[in-house]
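Both ligands and their constituent atoms are indexed starting at 1 by order of listing.
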Amino acid sequence: MARERLYLFDTTLRDGAQTNGVDFTLHDKLAIAKMLDDLGIDYVEGGYPGANLTDTELFAQERKLAATFTAFGMTRRPGRSTSNDPGLAALIEAKADAICFVAKSWDYHVRVALETSLEENLASIRDSVRAAVGKGREVLLDCEHFFDGYKANPQFALACATAAYEEGARWIVLCDTNGGALPHEIEAIVGAVVKVIPGTHVGIHAHNDTEQAVANSLAAARAGARQIQGTLNGLGERCGNANLVSIIPTLKLKPEFADRFDIGVSDAQLKTLAHASRTLDEMLNRAPNRHAPYVGESAFATKAGIHASAIMKEPATYEHVPPDAVGNRRKLLVSDQAGKSNVIAELDRIGIKVDKDDARVARLLDVVKEREAIGYAYEAADASFELLARRVLDKVPNYFDVEKFDVSVEQRDNAVGRRITVSLAVVKVKVDGETLISAAEGNGPVNALDLALRKDLGKYQSYISGLTLTDYRVRILDGGTEAVTRVLIESQDEAGERWTTVGVSPNIIDASFQALMDSIVYKLVKSGAPA
Ligand SMILES: [Zn+2]
């Protein structure tokens, strides 16, 4: 049986931009549009031309995208003609391949929010779609509050949808704007709509307020809708939009959908999904959700020893899809529950071959257990584990020695009489018999220490120049008589690769220092720096 085409519509740059704390620049928007295009998304909704400066600029320029670049905006205002509505004119004149109008489809909203008649709402839909189609644009109509509207007044909700369809709109998008609909309701209502408008012209736009936006989108596809709208990482106001990062692999890898539908994302593009998801988080300066389905760092992580030995033999025993299909990787956690098989599997992954009966494996396991007992957390700190393993197996060169460091914190009035706190760090390192002293000021003691430590490492400087710290987490552990501090530092190199290191001490500066040192040494090992 021939597979049907199912289209993906991304609204990260429009609905996703409504997220609290998200403020895309023009540069961000262009970069994200390119990333979505590279991923094979069919439609990229760029924003709302005329509503703000960024979006107006975005739609003023030409882009070279394979995706259908879509402008979003309102249908003509009630009581105006299409030629006498500046908002509609800006939308129709925007440099866009398609126009997505949003219109009310819930009679209650038409009366209360628009304060107009149901007939005028339908006329506004017809006039706006006709005007945009007349300009040669592909047209979509977002039926706002469609599912709530359908429950209240199915005739009117359907009349809004068919008004646009009859005027030549390519897609009628059914929106669960409040996000409260459930999958069985979506399936039933979409099923009723596709009896009137062909499913090849029906889309679904779901919000995640009951955490079922993904399920609702899939339910709509099962019922006949052939366009799914969503955002990367489920970005969007309140609880977010349907998460395309979960929907795409489900459509590609689960036979129920993969056997029925073709989407624009190829197998090769699917392998870049995890990277795209993390890149967006990086642009937003957010820590990626490690428990995100398919792409999270923990999505294919296994802890207990017996599971690990089974996974080594046959991955399908504990994995619903192969991690590399989405660009993720299998991770066997090294923890105090770890058995030998975990350790060997993890060593294998980082490229250290060792026989399972090698006495050093048992020793490494003992060291891991001892250190985890005093607060180290290797399952969260892959790079520190690798260094520890290489050390126990005698494989880490002593690149440099930190002979001493000194960190001070000072509070004083600055030149304009404002109270400020500054930190100064001085670090004395020995590289190749030569002593180097560096000092740096930072906004805090750890920042100052980090800057001083990385300022001058002699012949190793070129290896660490692309190193940046991307996350710093502190946790106070209850260590019996006195509390100890665990610091986790996430670093990134010039190629975008990330790793995490750990330090533990009663003193937060010391714990941070250990984690910083591990990060630098790890980078030197990874780059093959000469000893
Ligand atoms: Zn929305």
Sub-3.5 Å donor-acceptor pair from the side chain of Asp176 to the main-chain atoms of Ala181, do we have one? yes

Below 30° counts as parallel, above 60° as perpendicular, anything between as tilted: where do the rings of Phe69 and Phe59 land? tilted

CZ (Arg222) with more than 12 external heavy atoms under 6.0 Å: no

Any idea how Phe261 and Phe257 line up, ring-wise: parallel (<30°), tilted (30 to 60°), or perpendicular (>60°)? parallel

Do any N/O/S atoms of Cys175 come under 2.8 Å of the Zn ion (ligand 1)? no

Metal site angle (apex the Zn ion (ligand 1)), NE2 from His205 and NE2 from His207, 10 degrees: 100°

Considering only N, O or S atoms, which atom of Asp15 is nearest to the Zn ion (ligand 1)? OD2

